Structure formats: C-alpha cells, structure tokens
Amino acid sequence: MTDPKDAHAAGKAAFTRIDQSTAQDWAVIAAHDADYLAGLADSVLDTLARLGEGHQPYQITRLEHCLQSATRAERAGADEEMIVAALVHDIGDELALFDHAAFAASVLRPFVSEKTHWIVQHHDVFQGHYYWDKVGGDKDARERFRGHPWFDDCEVFCRDWDCPSFDPTYDTLPLAHFEPMVRRIFARAPYSVAPDPAIAPGSSQAPDPSQAHAPSQGSTA
C-alpha cells in the first residue's frame, strides 16, 4: 500500500481504485491537469503539423486543406473562433478517420460556442452533400437537419470553405499565421471548470438529444 504522503509528494495520487480516492488525490490530479491544459495549444499545433507528413492522395496535404479552409474563412470575414474551427475541423483525421468530425468537435467544445461546436460536429454530413453519392452514400443526408437554426451556417462552412479547399494553386496562409489565434482560443477557461454537462444536463453546453449525429462516411471532409 503506497503511503499517501509519499505519493502526493511525488506528484501522484495514492489510490489504486478510484472509489478509494481522496480530495487530496484529486488536488494532485487537478494540478497535473492544469499543467497539461497550459500546453494544449502546442498539442493542437503539433497534431495539425503532422497532417502535413507523408504521402497523401489529394492534390494537397490534409494540413494544407485545413490551412486553406481557415484562410478562406478569414478572408470571408469570419470571427476568430470560427477561423480556428475551420483550421482544426479535420484534426481527427490522424486518430479518428471514420468519425473525424466528432473528434474535432470534442477537442473544440470546451472552448467555443454551442454554434461553433455544432457546425464542426456536423460538417462531415454537410460536406457529404458534395461527394457522398460518389462513394455510395446519401448526399442529401444533411436534410435531416433542415430547419435547425445553424443549418445555413454549416452549409456556408462547407460550401465556401471546406468544399473548395483542395486547390494547390490557392494562396493559402501558413500555420504560423494562425498560431496566435489557436493560442488565444485554447487559453480560454474551459467549461469543465464550471458544472460539467454530464453532471448538470441542463447546462447550456449540453448536447441537444433531438439532433442525432449522422454517421461519417470517412475520409477528409
């Protein structure tokens, strides 16, 4: 049995079963999490950079696609939060190729508005309008969301920024241009320091159960 004092002094929780944890254990964990959160923007930027590595089947890399989407968003007058959303919308391609939209939305969710989260979470379905019929899918799957207050915004996100951003001749801004924006967005106090939606279902950040997330068709979108 680890002595709690020794464990806490070493920066570790003492429990071996979570139901035996103490407030002191969680104070140690919270301190670690605060350090991790301080480096989250670096992790996001590093993950984006990896999207530019290796052979890829598009005319441009996934990183260039993300950069081009964000460039188009900025030039269209989008606010900083939406520009960053456009930048990271495909960040899930590395680990969640077949559900990348939900992955990216989860990364962003603690730091952005419900509207921005919803757009990123559903962008794969809306982007599917432009190609799912070519891979055996339903290009009109987005119609299940017709009438949603952010339907038009998600359509713009895909039609104007995501869909055309596979162009090697486009004047795309570099990752360094967006780095300060990424750092500002991920420096916001995350909602997890307030009541967690899982604990407080009435929270404004809690997902709307009536808006079911359609399955992804895979590939960058």
Side-chain angles (χ1 to χ4, degrees), residues 38-113 115-132 134-135 150 152-188 216-221:
L40 182 56
D42 288 324
S43 296
V44 170
L45 291 164
D46 289 345
T47 302
L48 283 168
R50 286 196 297 273
L51 295 180
E53 297 174 355
H55 171 76
Q56 300 185 29
Y58 307 98
Q59 290 289 316
I60 61 177
T61 67
R62 287 182 170 92
L63 169 61
E64 290 168 327
H65 167 70
C66 290
L67 292 170
Q68 195 170 125
S69 299
T71 300
R72 292 180 189 276
E74 180 173 339
R75 289 174 179 166
D79 62 23
E80 183 167 280
E81 178 178 296
M82 192 59 70
I83 294 168
V84 171
L87 180 68
V88 306
H89 76 283
D90 280 346
I91 201 171
D93 278 357
E94 186 177 54
L95 292 175
L97 182 60
F98 298 104
D99 202 9
H100 74 281
F103 185 106
S106 293
V107 171
L108 282 167
R109 185 183 178 200
F111 306 97
V112 299
S113 68
K115 175 181 177 179
T116 299
H117 170 260
W118 193 92
I119 289 170
V120 174
Q121 184 180 32
H122 295 90
H123 84 268
D124 56 343
V125 181
F126 281 69
Q127 180 82 327
H129 179 72
Y130 303 102
Y131 77 99
W132 275 4
K134 301 172 180 67
V135 295
W150 300 321
D152 291 345
D153 299 285
C154 196
E155 182 178 30
V156 167
F157 185 97
C158 292
R159 183 193 66 215
D160 296 350
W161 310 336
D162 195 0
C163 175
S165 291
F166 296 85
D167 184 356
T169 67
Y170 186 78
D171 179 23
T172 301
L173 294 168
L175 184 57
H177 172 82
F178 299 104
E179 179 177 345
M181 302 184 199
V182 171
R183 295 194 180 282
R184 284 190 291 268
I185 294 299
F186 285 95
R188 292 175 174 178
S216 171
Q217 294 287 322
S219 80
T220 297

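One-based numbering along the sequence shown. All of these numbers come straight from a predicted model, not from anything done at the bench.
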Q. Which pair of non-hydrogen atoms, one from Cys158 and one from Pro164, has the smallest distance, and what is that distance?
A. O-CD, 4.0 Å
Q: Look at the rings of Trp118 and Phe126 and say which category their plane angle falls in: under 30° parallel, 30 to 60° tilted, over 60° perpendicular.
A: perpendicular
Q. Which salt bridge (Lys or Arg N to Asp or Glu O under 4.0 Å) pairs, counting each pair once, include a residue from residues 167-186, with sequence neighbours left out?
A. Asp42-Arg183, Arg75-Asp171, Glu80-Arg184, Glu179-Arg183
Q) Mind checking whether Arg159 and Tyr130 have side chains closer than 4.5 Å, heavy atoms only? A) yes
Q) Between Val112 and Phe186, is a side-chain contact (heavy atoms from CB on, under 4.5 Å) present by the stated rule, with each step listed? A) CA-CA 9 Å; Val112 299; Phe186 285 95; over 6 Å; no
Q: State, without any angle test, whether Thr47 and Glu94 hold a side-chain donor-acceptor pair at a distance under 3.5 Å.
A: no
Q. Would you call Phe103 and Asp99 a side-chain contact if the rule is heavy atoms closer than 4.5 Å?
A. no
Q. Taking the side chain as C-beta and beyond, is there a heavy-atom pair between Leu67 and Leu175 under 4.5 Å?
A. yes
Q: Determine whether Glu81 and Ile185 make a side-chain contact, defined as any pair of heavy atoms from C-beta on separated by less than 4.5 Å.
A: yes
**Q.** CA sep, side-chain torsions, deciding dist, call: Leu87, Met181, side-chain contact (heavy atoms from CB on, under 4.5 Å)
**A.** CA-CA 10 Å; Leu87 180 68; Met181 302 184 199; over 6 Å; no
Q: Would you check if Met82 and Ile119 make a side-chain contact, meaning some heavy-atom pair closer than 4.5 Å?
A: yes
**Q.** Test applied, side chain to side chain donor-acceptor pair (under 3.5 Å); reference residue, Asp162; option that passes from His65, Arg72, Gln68
**A.** His65
Q.
In the structure I gave you, are the side-chain heavy atoms of Val84 and Phe111 within less than 4.5 Å of one another anywhere?
A. no
Q | Pairing of Asp90 and Arg62 as salt bridge, 4.0 angstrom limit | A | no
Q. Should the ring pair Phe157 and His89 be called parallel, tilted or perpendicular, given that the plane angle runs from 0 to 90° and is split at 30 and 60?
A. perpendicular
Q. Pick from Ile60, Leu63, Thr71: which one makes a side-chain contact (heavy atoms from CB on, under 4.5 Å) with Thr172?
A. Thr71
**Q.** Residue pair Trp132 / Val125, side-chain heavy-atom distance below 4.5 Å
**A.** yes
